[in-house]
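Below, read A as the first sequence line, B as the second, and so on, with proteins coming before strands; counting in each chain starts at 1. Only this structure's heavy atoms are used, side chains among them; waters, hydrogens and symmetry mates stay out.
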Amino acid sequence: MTIQTTQPRLAGWGRQFRPARELTPESLLAPSRDAVLSRGLGRAYGDSALPPASRPVVLTTRRADHFVSFDAGTRELRAEAGVSLATINRLFLPRGYFLPVTPGTQHVTLGGAVAADVHGKNHHVDGGFGDHVTSLVVRVGDGRVITCTRERDADLFWATIGGMGLTGHVLEVGLTMRAVPSGVIDEELTRVDGLEAFQDALAVAATRHRYTVGWIDCLTRGASAGRGVLMAGDFSRAPGAPVPRARERVARLRFELPSWALGRATVRAFNEVHFRAFPRGTTRRSIGWEDFFYPLDRVDDWNLMYGSRGFTQYQCVLPERSARLGAARVMNVLTRRGGASFLCVIKDCGPEGRGMLSFPLKGISIALDLPLCDGTQALVDALNEEVIAHGGRIYLAKDSLTRREHFAQMEPRLAAFQEVRRKWDPRRTIRSAQSVRLMGDAP
Amino acid sequence: MSHATGRRVVFVGATRGMGRALSRRLVERGDRLCLLGRDAGELARAAADLGVRGASAPPTTVACDLSDPDTIEPALDAALADLGRLDVVVVTAGEFATQEALEAEPSRVSRLFDVNVRGVVLLCEGAKRRMLAMGGGALVVFTSVAGERGRASNVLYGATKAALSAYLEGLDHRHFRDGLRVLDVKPGFVRTSMTAGLREPPFAGEPEQVARDVERAMDRQRSVVFTPRAWGPVMSVVRGLPRAVMRRARF
C-alpha cells in the first residue's frame, strides 16, 4: 500500500472546489496544535471552512464526536465539536429534549453551529445558538487549550461564537437543551400576497408562535411581487402526541443535474405550482419535527441540483428601522438583474446577540440561493451596496463573493474582533480562505 | 436471539473506528456493555459517550491488554462480575501495520501476532468457556478480508487474520450445537484512524456502515459477514484467482 499525500479538492456546500484536503482524526487534541482551520460537515456555502491556499489542509471534526455528559436537571449537554445536530436530535427528542436553536439543516456539527452562531425559526424569541452555549473548550492559536464561559475569558467566548472558527479550534461545546412536549409541530400556513404584507404577517406571527419563517417567490413582479407562504408552528402539546423517529434513509441525488435545470423558467414554474399548492388564507396541520425544521434534508446532496457551476447563497439582515425599504430594494435588485433564486427565505430576527461577529440583528433577514454564472459577482456587489446603504450585513456562513471593502463597511465590529484574535493568536496561525478574502489574512 | 435488546456485552475495542460505531449502536438499542481496553483515559471517554447515547449509567471499564496474556482472564472475571452474565463478546481490537513497516522493524511482527492471534484467541477461549457454562452466547470477532488470500501487499497482517478466521470457523463447528454463535466479521477497507493515510481502494466504507452490517448479521445469526457488502463478491473473485495471477498482482 502506498501513502496518499494529496486529496485534491475541497469545497463548501456551494461546490466551488479548490485544491485542499481534510484530516479526519478521531481526536482533535493533538492534530489541532498545528492545524490552520477546523471544518465540520462542510455545510457552510462558501469558503469559510476552506483553508488558505498556502496551508491547504483543514482539520475535519466529524469523527471527534464523543458526548461528554448530559445533566437532566440543568439540561446541559456537553459534547465534542464533531457531534452533529442530527445525532443530538435522534438521541434526545425521544427523551423530550430538542436543540434550543437549529438552522435549516441538521447536518452541521456543534463546532460549526458555534462558529457560525447559527440561527433558526425561533430567533425572534430565543436568539441565536450562542445564546444557549454555556462553555467552550478552544485550542487557541498560541497552542493553549482554554475553557471559556460567559465569566471566564469571556472575550474569547464571545469572539468564538459567530467567529467563523478564526479564534481557535473548538474542541468541546456545552449547551442547554430545550424540554419539548412532543416531536410533532402544530403548523399554520398562510398565503401572503406581497413583501409588505409578509413583514406584517411575520410580526403578527412572532407574537403567537415560537417558530416562524417565510418562503418567497422572488420571480413575480408588480402587485404580487414578494408573494409567498408564511409558516408558523409550535411543538404540539396534544396529549399523546408522538415523537416520530428520525429518517433512517433519505433520497439522494447521485449526480449533478445539468446547469440549465434550475434556470429562470423552471424556477418560475416550480414557484407557481408551489404557491398554488397552498389554499388562500390560513391552513393548519400537524407535521413531524423533521419535515418542519429540515425539509431540505429530505434529499442528500441536493447541492448537486445546481450542476457543475456551483452556487452561492446570499443572506443579509436589514435593521428594523430600514427593513421595509431595504427589503424591497434588495428584492428589486434581484429581479432587475434577472437573478433566479430557487430558494428565497425571509425571517424576522430578534435582538442582536453578544457574539462579536454574529450575523442576526433586530430586523429582517433575507436568504437567496444564486446559481453561479458570469453576472453573479456583479449581482452580489449590487446587493451588498443596498445592504450597506440600509445599515445591514451579510451572513458569513453563506458568503463566497463579498469584497473586502464591502465587508469592512458593513462590519464596524471587525476591529474589536481582530483585537481578540490578536490576543489569543498573535502569530495569526488560524485563518481561512474567507478570512484571507475578507479580513486581509495572509494567503 | 433475533433483535434482542438488553444483552450483556463485553466489548474489546470500543474506543476507536468500527468498534466505536458498533458499541454506539448496541447501547442505543438497549444493550448493557462492559468495555475492555488498555488506555484508561480513552476507555473513560468512550464510556461517558456511551452513557449519554444509551441514556443510562456509563458502561464499566476494565483494564485489559491483548498483548499481555496475564491481563485477559482477570479482565473477563471483572466483566462477568459487573454484568452478571455474558450474552455477547465483541472483539474489534487489533494491531495493524503495513507490510513495509513490518519488514523494516521485525520486532513489530511478534507484537502483531501476539495481539491479533494469541491475545484475541485467549480472550475468545476465556469468553467461550464462560458462555458455554451459562448455556451459550455469541462471539463477534473482527478479522479482515486480508485473511482471505495470502497477498503480496500484506503477507504478515493477512496471516494473523487468516489464523483468526480459521480459529473462529473451527469454534463454530465445534460448539454450534452447544449454543455458541460465532460471527467472523471481515471488513474491507474502512476509513478509520487505522487506515488514515493509506490509498483508498474502491468500495471503501465508513465505520457506521460496518456497524449497521454487523448488527444485522448478529440479529440474523450469520457466521461470516463481509462489510461493506460489496467486499463479499470481490473476495469470491479473489479467492478463485490462480496463483500465477496472484504472484503478479500487487494488491
Q) Where on B/R24 is there a heavy atom nearer than 4.5 Å to chain A: the side chain, the backbone, both, or neither? A) side chain

(Q) Would you say the rings of A/F92 and A/F98 are close, in the sense that their centroids are separated by under 6.0 Å? (A) no

Q) Are B/R108 and B/E95 close enough for a salt bridge, meaning some N to O gap below 4.0 Å? A) no

Q. Quick one: of B/P207, B/G51, B/A46, who has the most non-hydrogen atom pairs under 4.5 Å with chain A?
A. B/P207

Q: Please determine, among A/V83, A/L77, A/T87, A/D65, the option with the most heavy-atom pairs under 4.5 Å with chain B.
A: A/D65

**Q.** Criterion side chain to side chain donor-acceptor pair (under 3.5 Å) against B/T160, the qualifying member of B/D114, B/T143, B/N116, B/N154
**A.** B/N116

Q | A/T102 and A/Y294: side chain donor to acceptor below 3.5 Å | A | yes

Q) Where on A/R63 is there a heavy atom nearer than 4.5 Å to chain B: the side chain, the backbone, both, or neither? A) both

Q: Show your working on side-chain hydrogen bond (donor to acceptor under 3.5 Å, both in side chains) between A/S135 and A/T149 and close with a plain yes or no.
A: CA-CA 5 Å; A/S135 66; A/T149 64; over 6 Å; no

(Q) What part of B/E42 gets within 4.5 angstrom of chain A, counting heavy atoms only: side chain, backbone, both, or neither? (A) neither

